[in-house]
Protein chains: 2
Amino acid sequence: MEKIYNDYSRDGIEIHTDNFRDDSLLRAGLKLNHLRMIVTIEDHGQISAAAEALNISQPAASRMLSEMESIAKTALYERIARGVVLTPFGSALAKRARKILLELREASREIAELRTGKGGSVYLGAVTAPAISLVVPAIRQVTQTYPGIEINIQVETSNILARELLAARHDFIICRIPDELNPRLFTAHEIGVEKACLIVRNGHPLLEKGVVGLHDLIGRDWVFQPPGTLLRRKVEDIFISAGVPLPENIVNTSSLLLTVAVVCKTDAIAPIALDMAEFVCGQSSNAGEACILPIDFEISVKPYSLITARERAMPPSASLLYDMILEQSRSLAAT
Amino acid sequence: MEKIYNDYSRDGIEIHTDNFRDDSLLRAGLKLNHLRMIVTIEDHGQISAAAEALNISQPAASRMLSEMESIAKTALYERIARGVVLTPFGSALAKRARKILLELREASREIAELRTGKGGSVYLGAVTAPAISLVVPAIRQVTQTYPGIEINIQVETSNILARELLAARHDFIICRIPDELNPRLFTAHEIGVEKACLIVRNGHPLLEKGVVGLHDLIGRDWVFQPPGTLLRRKVEDIFISAGVPLPENIVNTSSLLLTVAVVCKTDAIAPIALDMAEFVCGQSSNAGEACILPIDFEISVKPYSLITARERAMPPSASLLYDMILEQSRSLAAT
DNA sequence: AGATAATATATCATATTTGGTATAACGTGA
DNA sequence: TCACGTTATACCAAATATGATATATTATCT
């Protein structure tokens, strides 16, 4: 008989697990739908709501939960005022169940990718800067290796992206890990620092100065993102650290388009991500009328990382794109 | 209704996955026993052998496989001369199936641990040196935190341990990754270098010299492990590099006990792992008649690492012991 | 105490699963 | 061509699952 090779070794050495016959949950009759049930119970906190989400009647859901308790030989939930809450046993099982169902979903995805002969699909999110500087070049590369690959990119804030990753709607993300989320949930490789710069319109008076300093910026007009945003606080910190009065004439907007439009048509100064600025100032459009103001200080914001959820499966296509982006960031760092 | 907290965040922010309703394998009726089937087929290469392993008849196994192909909408195996081989689709599914079943087994283990109130169980393997220098101290610590924890340690060579890990019979291992296995299958943290030293009996003539050099060792009697072993090759390399003739009067044995016995009763010199030597020379037994020979060179063998299988689940008790060993190795490195 | 929201249990009907045995079909080697 | 090893299919019986409706029970709030 031809030898069956696993990919454990370089030269085909067979390594077998046992066939899981001793697994008590398996032996007792646990089913995949039980796993869906407990995950849905954890999400909704009510048996009737979970039943609705799973398209079964409430008594059917209740009985399925009782079945699970017989299988696990322990209480998995208890009633509270309005609904149920999982016990530590139930939570432990729900956590595993979620991972199992995610793995199964990735199996579905992988088989679908293999079956269609396409290059597969990838779901990723990125904050704006690396979306442009890293993802776009890597996409160009990967579509040559995987003709027909389907790439889904969400460009959003780190807070939103991190939650989408945890909710398993992304394979990986490029952003920073928000302070209010537990960093142990993630695996992160720092791949860049999100630098910013100031842009002004072509012909702006400050451009005649060569390189400008903080003091040259006093009393000027500004376009800023809303108060509290990261970039804005960073610029404010630079002013405060240097003992320079904060800008006073400010337009507030979170829209990059509006920011650029204002900058092009007025003498306002706007801080934006360096990668974004290089993109904007290189376009042969109205936006091409803006340019980067040479300054004698640096605006660094927090680093961003290539982030996955811990112990999360990734299909081959996503792994490939991940690796390409990582490589791209190393190339950029080396120049 | 009381808020249901996942452990995603520090202050209880709910993040929901969808309820997996779009998962094509799930919708099409995939069952956990299908997963057992395909894993067992991959392991055995024959439907009749897999049927036997799963305690069902051959026709039942054959039909189950056909069912799976209907569910996956693709061919998962093809017949060969004697038995079957998995297609790339089948292999992809088997890989995921194995992970799912391992996760489920860990769920069983975790629930059993929680239910019995014991400290849980851990399966680990270690090569001899760190088994003594790191695992024993960590075990002392962990049994205080987890009274009743059940720890299973296999002390073996790296080749054997790595295969046992891949076969999911260990939670983690401490050894080096064998050259013939694919290192991408593992996650490794280097935690120590397996240093070796020379031992001689108390009263050995060389002890009168204070610190001895390579030239002092010419023409002496030796006890070595068999030709080709790591430590022996390392010592031979040291001699060759210094242009010193290799030892000629050699006893070959892989038995540590025999090695120590010979050293105690003759003027032979033996290289053994430093951690082992410190253990051996500290005993109030016959072995206590040996001591470490002060030498003016160092015998380093390959580093050893704390190793897990990639993307493998670990129960809390195993994670705790893993972390303790890692901490222990950092403490040792800092002194 | 009563109303309300939610869960638990009983019962039923129908469908599905699951294992077996028997045997046909296939692929290979001599 | 035949023998052998292995898989594939047909058919059957029994068990199990799965959903529903009806209604009992529980917990909380007013």
Side-chain angles (χ1 to χ4, degrees), chain A residues 1-4 19-21 25-38 40-72 74-87 90, chain B residues 1-4 19-21 25-38 40-72 74-87 89-90 94:
Chain A
M1 193 228 341
E2 288 177 41
K3 209 158 202 126
I4 313 300
N19 63 12
F20 304 95
R21 90 190 80 196
L25 291 174
L26 210 48
R27 272 196 292 103
L30 193 82
K31 299 180 174 62
L32 289 168
N33 264 346
H34 289 136
L35 302 182
R36 284 181 76 207
M37 169 57 59
I38 195 141
T40 311
I41 290 286
E42 185 176 57
D43 285 347
H44 289 85
Q46 273 190 333
I47 293 180
S48 50
E52 191 172 349
L54 294 171
N55 284 324
I56 59 175
S57 64
Q58 176 269 320
S62 180
R63 201 179 59 207
M64 191 184 290
L65 264 181
S66 290
E67 278 170 19
M68 292 180 68
E69 290 191 316
S70 295
I71 287 166
T74 186
L76 297 175
Y77 69 102
E78 52 202 21
R79 294 183 74 162
I80 53 173
R82 295 253 189 276
V84 295
V85 66
L86 295 186
T87 60
Chain B
M1 194 233 333
E2 288 177 42
K3 211 160 199 121
I4 314 299
N19 62 13
F20 304 95
R21 89 190 82 195
L25 292 174
L26 209 48
R27 270 197 292 104
L30 194 83
K31 297 180 176 62
L32 288 169
N33 265 345
H34 290 135
L35 302 182
R36 284 181 76 209
M37 169 57 59
I38 195 140
T40 310
I41 290 286
E42 185 174 58
D43 286 347
H44 288 83
Q46 273 190 335
I47 294 180
S48 50
E52 192 171 350
L54 294 171
N55 285 323
I56 61 176
S57 64
Q58 177 269 318
S62 179
R63 200 182 57 212
M64 192 185 289
L65 264 181
S66 291
E67 278 169 18
M68 293 179 68
E69 290 190 317
S70 296
I71 288 166
T74 186
L76 297 175
Y77 68 103
E78 52 203 20
R79 295 182 76 159
I80 54 174
R82 296 259 188 273
V84 295
V85 66
L86 295 185
T87 60
F89 302 95

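So that the names make sense, note that chain A is the first sequence line, chain B the second, and so on, each numbered from 1. All values below come from the heavy atoms of this structure, side chains included, with hydrogens, waters and symmetry mates left out.
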Exercise. Flag yes if more than 12 heavy atoms outside E52(A) fall under 6.0 Å of its CD atom; otherwise flag no.
Key: no
Quiz prompt | Closest to side chain of S57(A), choosing from dT6(D), dT9(C), dA20(D) | solution = dA20(D)
Quiz item: Over how many whole Å does the gap from M68(A) atom CE to dA17(D) atom P extend?
Solution: 14 Å
Exercise. Could you pull out the closest heavy-atom pair between L54(A) and R36(A), with the gap in Å?
Key: CD2-NH2, 3.5 Å
Quiz prompt | Nucleotide nearest M64(A) when distance is taken to its side chain, options dT17(C), dT7(D), dG19(D) | solution = dG19(D)
Quiz prompt | Nearest-Å distance for atom pair CG/P, residues N33(A) and dT16(C) | solution = 15 Å
Quiz item: Given atom CG of N55(A) and atom P of dT18(D), what is their separation to the nearest angstrom?
Solution: 15 Å
Quiz item: Can you find a donor-acceptor pair, distance only, under 3.5 Å between R82(B) side chain and dG29(C) base?
Solution: no
Exercise. Map R79(A) and P59(B) onto DNA chain D by nearest heavy atom, then report which one ends up closer to the 5' terminus.
Key: P59(B)
Quiz prompt | Closest nucleotide among dC11(D), dA8(D), dT9(C) to the R63(B) side chain | solution = dC11(D)
Quiz prompt | Distance-only donor-acceptor test (3.5 Å): side chain Q58(B), base dA8(D) | solution = yes
Quiz item: dG27(C) C1' sits how many Å from I80(B) CD1, rounded?
Solution: 11 Å
Quiz item: Whole Å only: how far is the CG atom of L65(A) from the C1' atom of dT18(D)?
Solution: 15 Å
Practice problem: Find the distance between CE (M64(B)) and CD1 (I38(B)) and round it off to the nearest 0.5 Å. | Solution: 11.5 Å
Quiz prompt | A60(B), nearest nucleotide to its side chain (from dT18(C), dG20(C), dT9(C)) | solution = dG20(C)
Quiz item: Side chain of K31(A): nearest nucleotide among dA20(D), dT7(D), dT18(D)?
Solution: dT18(D)
Practice problem: Let me know the distance between CG of L32(B) and C1' of dA17(D), rounded to the nearest Å. | Solution: 15 Å
Quiz item: Between dA17(D), dA10(C), dT28(C), which one does the side chain of A81(B) approach most closely?
Solution: dT28(C)
Quiz item: If you take all heavy atoms of Q46(B) and G83(B), which pair is closest and at what distance?
Solution: CG-CA, 3.9 Å
Exercise. Evaluate whether atom CD of E69(B) has more than 12 neighbouring non-hydrogen atoms of other residues, nucleotides or ligands under 6.0 angstrom away.
Key: yes
Exercise. Figure out the CD1/P separation between I41(A) and dA6(C), and round it to whole Å.
Key: 13 Å
Quiz item: Just to confirm, is there a sub-4.0 Å distance from OP1 or OP2 of dT6(D) to any side-chain nitrogen or oxygen of Y77(B)?
Solution: no
Practice problem: Could you tell me the separation between the CD1 atom of I71(B) and the P atom of dT16(C), rounded to a whole number of Å? | Solution: 14 Å
Quiz item: Base, sugar-phosphate alone, or nothing: which one does S62(B) contact when heavy atoms must sit under 4.0 Å apart?
Solution: base
Exercise. Among the candidates dA6(C), dG20(C), dT6(D), find the nucleotide nearest to the side-chain atoms of Q46(A).
Key: dA6(C)
